[in-house]
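Let me begin by presenting the structure, written as structure tokens, before commenting on it.
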2 protein chains.
Amino acid sequence: MANSKKMDCVILGLLSHKPMTGYEIKKQMDYSLRFFWGASYGSIYPTLNNLVKDGMIVSKDISENGRDKIQYTITEKGSKHLKKWLILPVEKDELRYETLLKLFFGCENGVQETLHHIEVFENKTKKELAFLKMMEAELEQIKDTEDAHIYYLLTVRFGVKTYEAYLSWCEEAKKCLEESKV
Amino acid sequence: MANSKKMDCVILGLLSHKPMTGYEIKKQMDYSLRFFWGASYGSIYPTLNNLVKDGMIVSKDISENGRDKIQYTITEKGSKHLKKWLILPVEKDELRYETLLKLFFGCENGVQETLHHIEVFENKTKKELAFLKMMEAELEQIKDTEDAHIYYLLTVRFGVKTYEAYLSWCEEAKKCLEESKV
DNA sequence: CTTACCATGTAAGGCGTTACATGATTCA
DNA sequence: TGAATCATGTAACGCCTTACATGGTAAG
């Protein structure tokens with residue numbers, strides 16, 4: 001009760017914007033929440049069923065583009081539940097950065113291998129950053145068309161700022177390790 | 001085999017620096033890895049027993065300061081295992097940022113509450129940053145006394161850079177939301 | 001004398017992924 | 001016609017946290 005399951009709240013949050021199918025929820029997560037939250041079908045579909053049981057959402061069988069789907073809509077109860085969760089203090093923000101782990105133990109691995117890990121990380125970050133900047137540009141254009149957009153934009157900018165910091169660190173870290181080789 | 005349990009490798013990594021007890025491993029993690037990795041006793045102690053069974057580490061009952069402890073030392077096999085894991089490509093770096101989740105759904109929560117979440121996040125980040133800067137200063141002084149220190153320093157600098165980016169974002173985000181109130 | 005910290009562990013249970021299973025449709 | 005994508009789910013399992021359980025020592 002004190003702090004509901006997060007998966008529940010993420011899905012309620014997404015459904016508070018518009019009715020969606022499980023499949024669409026997954027797509028939406030992979031697109032909008034990709035850099036700070038993830039979920040698999042194996043957790044999404046069971047969660048949806050539980051939310052229906054709890055009266056937080058209702059399901060409706062629809063047919064679109066010649067495909068059978070199950071569309072979920074948030075209920076009044078679900079909306080209240082979401083809002084209650086939103087005002088609660090954040091429990092924890094956590095990272096599990098394997099890259100940093102391998103860096104921390106870099107001494108056992110050698111400079112060359114460690115540099116390689118950094119480069120892989122750098123490339124991944126560059127790609128993600130390009131994606132985020134594209135989203136940022138998109139959102140800036142439609143910023144005023146909907147209240148929610150400003151919040152989306154803020155999360156995207158968070159991503160942009162952190163990824164830029166990562167890249168700046170990569171530069172420094174590479175230099176630092178190159179020098180230590182000499 | 002392809003990619004061993006991470007908990008195993010973290011512990012092997014820490015033990016590769018020096019022999020430690022389970023309690024010390026936990027302390028060390030909370031201190032050095034705090035901002036990118038975490039673990040509880042409930043996973044550390046069982047992991048240690050498994051590592052002994054697998055011959056990756058050996059245990060030794062010791063008595064120190066009038067206390068009975070079990071000290072673990074990495075074996076040749078454990079060292080090889082660690083090195084094998086270190087050169088493997090990173091599987092995934094993940095964040096689970098509840099703050100960003102609540103921000104993303106900020107529209108359902110209102111500007112005021114969202115600002116509050118940002119301020120809490122900002123304060124927590126400031127404290128962590130101060131801690132990291134202290135570690136940075138410490139490490140810079142002893143940088144050349146041991147090969148491993150440069151790697152510790154790099155992880156700490158990663159933290160410093162990202163936390164500074166977080167704070168810079170907080171400033172912007174607060175302004176942005178304040179303006180939207182008008 | 002009691003609080004805080006040192007020190008080690010177990011058990012239950014939560015939470016989520018991976019892999020499997022199925023089948024329709026669209027497009028090259 | 002075969003691959004990719006749409007669409008929904010289940011089952012097994014892994015991994016970890018929380019809470020519980022125990023007991024010693026140091027310091028106020």
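The basis for the numbers below is simple: all heavy atoms, side chains too, and nothing from hydrogens, waters or symmetry mates. Chain letters run A, B, ... following the sequence lines, proteins first and then strands; every chain starts at 1.
At least one cation-pi condition fails for B:Lys6 and B:Trp85: the charged atom is not both under 6.0 angstrom from the six-membered ring centre and inside a 45 degree cone around its axis. Seen from the ring of A:Tyr41, A:Lys26 counts as a face-on cation partner, given the 6.0 Å and 45° thresholds.
Between the C1' atom of D:dC6 and the CD atom of A:Glu24 lies a distance of 10 Å, rounded to the nearest Å. Going from atom NZ of A:Lys26 over to atom P of C:dG16 covers 13 Å, rounded to whole Å. In this structure, CG of B:Asn65 is placed 13 Å from C1' of C:dC5, rounded to the nearest angstrom. Distance NZ (B:Lys69) to P (C:dC6): 9 Å, rounded to an integer number of Å. In this structure, A:Glu94 atom CD and D:dT17 atom C1' are separated by 11 Å, rounded to whole Å. Between B:Ile70 atom CD1 and D:dG24 atom C1' the separation is 14 Å, expressed in whole Å. For B:Arg96 and C:dG14, the CZ to P distance is 17 Å, given to the nearest whole Å. The interatomic distance linking B:Met7 (CE) with D:dC16 (C1') rounds to 9 Å, in whole Å.
Using a 4.0 Å heavy-atom cutoff across all strands shown, A:Gly22 reaches sugar-phosphate atoms only and no base atom. Across all strands shown, B:Gly42 has heavy atoms under 4.0 Å from base atoms, whether or not it also approaches the sugar-phosphate.
For A:Ser43, whose side chain is taken as the heavy atoms from C-beta onward, the closest listed nucleotide among D:dT17, C:dT8, C:dT17 is C:dT17. Ranking C:dG16, C:dC6, D:dC16 by closeness to the B:Tyr23 side chain, first place goes to C:dC6. Closest contact between the side chain of A:Arg67 and the listed nucleotides D:dT8, C:dT8, C:dT26 involves C:dT26. Considering only the side chain of A:Ser40, C:dT17 comes nearest among C:dC6, C:dT17, C:dT8.
Comment: B:Lys175 does not engage B:Glu171 in a salt bridge, judged by the lack of any side-chain N to carboxylate O separation of less than 4.0 angstrom. Using a cutoff of 4.0 Å between basic side-chain nitrogens and carboxylate oxygens, A:Glu113 and B:Lys83 are not scored as salt-bridged. With respect to A:Glu178 and A:Lys181, a salt bridge is recorded, a charged nitrogen being found less than 4.0 Å from a carboxylate O.
For C:dT8, the OP1/OP2 oxygens have a side-chain nitrogen or oxygen of B:Tyr45 closer than 4.0 Å. For B:Thr21 and C:dT8, the shortest distance from a side-chain N or O to OP1 or OP2 is below 4.0 Å.
With sequence neighbours left out, B:Lys124 forms a side-chain hydrogen bond (donor to acceptor under 3.5 Å, both in side chains) with A:Asp93.
Across the helix from C:dC1-D:dG28 to C:dA28-D:dT1, the helix axis at one end is tilted relative to the axis at the other end by 30° (nearest 10 degrees, each axis from five pairs).
Using cut-offs of 30° and 60° for the angle between ring planes, the A:His17 and A:Tyr152 rings count as perpendicular.
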